[in-house]
Amino acid sequence: MTLVPAIGRELSNPPSDGISNLRFSNNSDHLLVSSWDKSVRLYDANGDLMRGEFKHGGAVLDCCFHDDSSGFSVCADTKVRRIDFNAGKEDVLGTHEKPVRCVEYSYAAGQVITGSWDKTIKCWDPRGASGTERTQIGTYMQPERVNSLSLVGNRLVVATAGRHVNIYDLRNMSQPEQRRESSLKYQTRCVRCYPNGTGYALSSVEGRVSMEFFDLSEAAQAKKYAFKCHRKSEDGRDIVYPVNAIAFHPIYGTFASGGCDGFVNIWDGNNKKRLYQYSKYPTSIAALSFSRDGGLLAVASSYTFEEGDKPHEPDAIFVRSVNEIEVKPKPKVYPNPPV
Amino acid sequence: MASVQKDPILQVETTCGSLLFELQIIWDEVGETETDRDQMLLELERECLEVYRRKVDQANRCRAQLRQAIADAEAQLAAICSAMGERPVHIRQSDQSVGSLKQELGRILPELEEMQKRKVERRNQFIVVMEQIDSITNDIKGQGELVHSEPLIDETNLSMRKLEELHCQLQVLQKEKIDRVETIRKHLCTLYSHCSVLGMDFNEVVGQVNPTLSDPEGPRSLSDHTIEKLGAAVQKLMEVKIQRMQRLQDLATTMLELWNLMDTPIEEQQEYQHITCNIAASEHEITEANSLSEDFIKYVEAEVVRLDEVKASKMKELVLKKRSELEEICRKTHLLPVSDSAIDQTIVAIESGIVDATMVLEHLEQHISKIKEEALSRKEILERVEKWLSACDEESWLEEYNRDDNRYNAGRGAHLTLKRAEKARNLVTKLPGMVEALASKTIVWEQENGIEFLYDGIRLLSMLEEYNILRQEREEEHRRQRDQKKLQGQLIAEQEALYGSKPSPSKPLGGKKAPRMSTGGASNRRLSLGAAMHQTPKPNKKADHRHNDGALSNGRRGLDIAGLPSRKQSMNPSEMLQSPLVRKPFSPISTTVVASKANIATTTTQQLPKNNAVNEISSFATPIKNNNILRNLEEEKMMTMMMQTPKNVAAMIPIPSTPATVSVPMHTAPTPFTNNARLMSEKPEVVEYSFEERRLAFMLQSECRLV
């Protein structure tokens, strides 16, 4: 047995340019990775095996699984694609006017939702024949360029530039259910819904994560808070790093955050505690994903261009097995039982 | 006739008589004379007598021979018996003659034969033993080749005792042989282990000692000479081993020092861990094969040489590291950073390559140890100073607290604040004594050491004096206030007497200016807050909203004001000065705003006053902080002198990253980050682009350039 390093097992054949996102399948330990090298790659995280590589016409900014044999990718060439892994075939579902930043597939609605820098989100029916007029379900204007999307059940959270957050119900997309402004003062990097569907976590470029709740009642809103993370104190000064990625553990509801400081932290949002910090990765954490049972964590260590074009560590994907102790919530010790 | 036939002698006599008669007849016929006749008869009788005599002689000789034979046999028997150390079985008693001579001989001969047979057997036994003895002796004394020589047996002594003696001798020899074989085996074992450790060819080494030893099958030389040579070889290898071991341990020590010096990462050290773990091992503990071979030593030597080279290249870095270590110690002990111009100059000299960096390093190390010693002597006083300073902080907090008219309002955490105030009051009463004790301690220290006790460059005694003066001033002011109050009371009473109305009692208090303390790090946030609430107790919420709007627009416009909105109004000053290590309570995001379904803009409360307060804190920081800044400046100066920016230095020093296993509370309390606001405000104000957008723009641009 070779010794697995503390930061996890590195996958061979990593993308040759920045990693924009990676996701585990809901059915297997397959890992879909999109990259700035204009490709989407499919790995078997268990076997360190690349099962496929699909080249696109531009930098791929996001990807997600449909089922185990197909997935979706969105690209800087403004196209939304469906990729058939087995046949190696791709269909163009449609296009945006500007590069497409993010994509999600809703199992509840059977729709693909894409967010673009053309200040819209679009919904697509992947079963339709190729061609925009057949597949596109709707276009919904956003106040600003879309930077991050997240789904839970029928809820869709859209985070855009200008710190806007729109919350939609997928069954009624005509207008947002809620319009909010980010609680954080700086540009939004990532938004991810809680697995229990009660709210979302939102991270900014300024080393902060805010924990929000959908419920607008006073009691529910009283629970929201924000916390600082991914900072380094040097000579009494804080160096603040962007928080690029958030990934919730599918079972425990705790979550991992990854920042440009190269650290991955595991947090217990309910008890407001940091559970674990993994040792430092070579460069910024670009994306994180837990496998379907939460037993594996894929970490994309890849420079995210936060300081412009500069030499950086090679882009790499690490898959680490997750100990229960690292992700299991540690209940707060109350002097009196919590009300 | 029958009787004649019965007796031959009679017969012979008859024959003789008849023959005589026949002769007389013949004579008668011949007519011989009587004298002739007588003559002839006499002759006849003489001849007969001759014959008789000869026969008797013969018989007599025969008898003598028989006697001789018996005697010989007996003598032989006796000799054999004596040789074999046995009593003769039959000792003939001459007087008890058993029978004729022939019988006697017939009896003694088989006995003799028996004894002779036994003797031969005994002799063979002797030969066997003697041969064995000879061969062993040969083994022990000889050079390995067998010298066959017929064993010399003393025929006269073949007794059992002698045989036993020989057996004993043989056993002794056999034992010695076994001992020698064992000794040689032990020597060979030791030799083998030495050879394997030293990476030498065992067969070759043994072959040099004695060729027979290297042959595993054939007989081995057991001679003293061989053993001696073998022992010498073992001794020699042992010496070589010890020598090499010392060499290796020297190398390992050097290596450890270098590692330590250069903070070599554990992974790199791992490779040589098996060497360094033997650093204190004694000779017999090193048994691993090839662990002392020449190749191995060369390999370690090469690593040390490499490390040395790395060290040489890193020397400057090391010097800087030591330097910062020194600074760190100075900072911790509140000593002034040593402005040792000699060090600075030597650093410059290293830069230009004039001076050997190791010298500087040693110098720095000496300096560090000196400072450490000094720090030790200062420790007790420093602890007291810390206590005093924290007491001062508490005192100034108490001061603020006492001025807060709402202090007894029941709110969240009010009981804690009450408790704290109680403690603080206790502490304040102890303060003068504390200062007194500290001053006397300091004086004693100064007398002992003959130098002034400096705290961040300021003389501690003067700090204490200053504090005392301040304290007196404050007390005076308190007195004045009391007097004023009394005066006011009188005035009011007079006015009441005149006009019958009462002015608001709180007014004069609210307008009062808060005295500041140079030693305490308190803020006047509470004061301003308190005052604001005081004057307009009811429209409080509205005022808050006004503040909110200001804060929000501020945040939207410049994005340079940091801090998460908070509604913690009862926050105390110490929390404002929080260090990241202090565990802080969580501050939830504002919920004061009633959320509408359409728009839930999260708002801030008290944003502006808070920021102001924070700014003020940083502006009148305690002397510690001022000095830190001074120190930083000086450090920066030094660094720039060394042609390096502080940032680079920081990057060079590895920061150990230890993954935390203990869960850590989140830093949720909003704190200002004025320092990095500069970093963030560099962003264009008009449109903020995400990293990805900038990356894509860059990508397209470079693609265009390519085309």
By a 4.5 Å heavy-atom criterion (distance strictly below it), what part of A/Pro176 contacts chain B: side chain, backbone, both, or neither?
neither
Interface moiety of A/Asp268 toward chain B, non-hydrogen atoms closer than 4.5 Å
backbone
Look only at the side chain of A/Gln187 and the backbone of B/Tyr689, and say whether a donor-acceptor pair between them is shorter than 3.5 Å.
yes
Under 4.5 Å to a heavy atom of chain A? For B/Glu693 that would be both
Value rounded to 0.5 Å, distance of SG in A/Cys260 from CZ in B/Phe691
5.5 Å
A/Tyr186 and B/Glu688, any side-chain heavy atoms less than 4.5 Å apart
no
Minimum heavy-atom distance A/Trp117-B/Leu696, with the two atoms named
CZ3-CD2, 3.6 Å
From the list A/Arg101, A/Arg145, A/Gln175, the residue making the most non-hydrogen contacts under 4.5 Å with chain B is A/Arg145
If you tally heavy-atom pairs under 4.5 Å against chain B, which of A/Ile325, A/Asp309, A/Thr304 wins?
A/Asp309
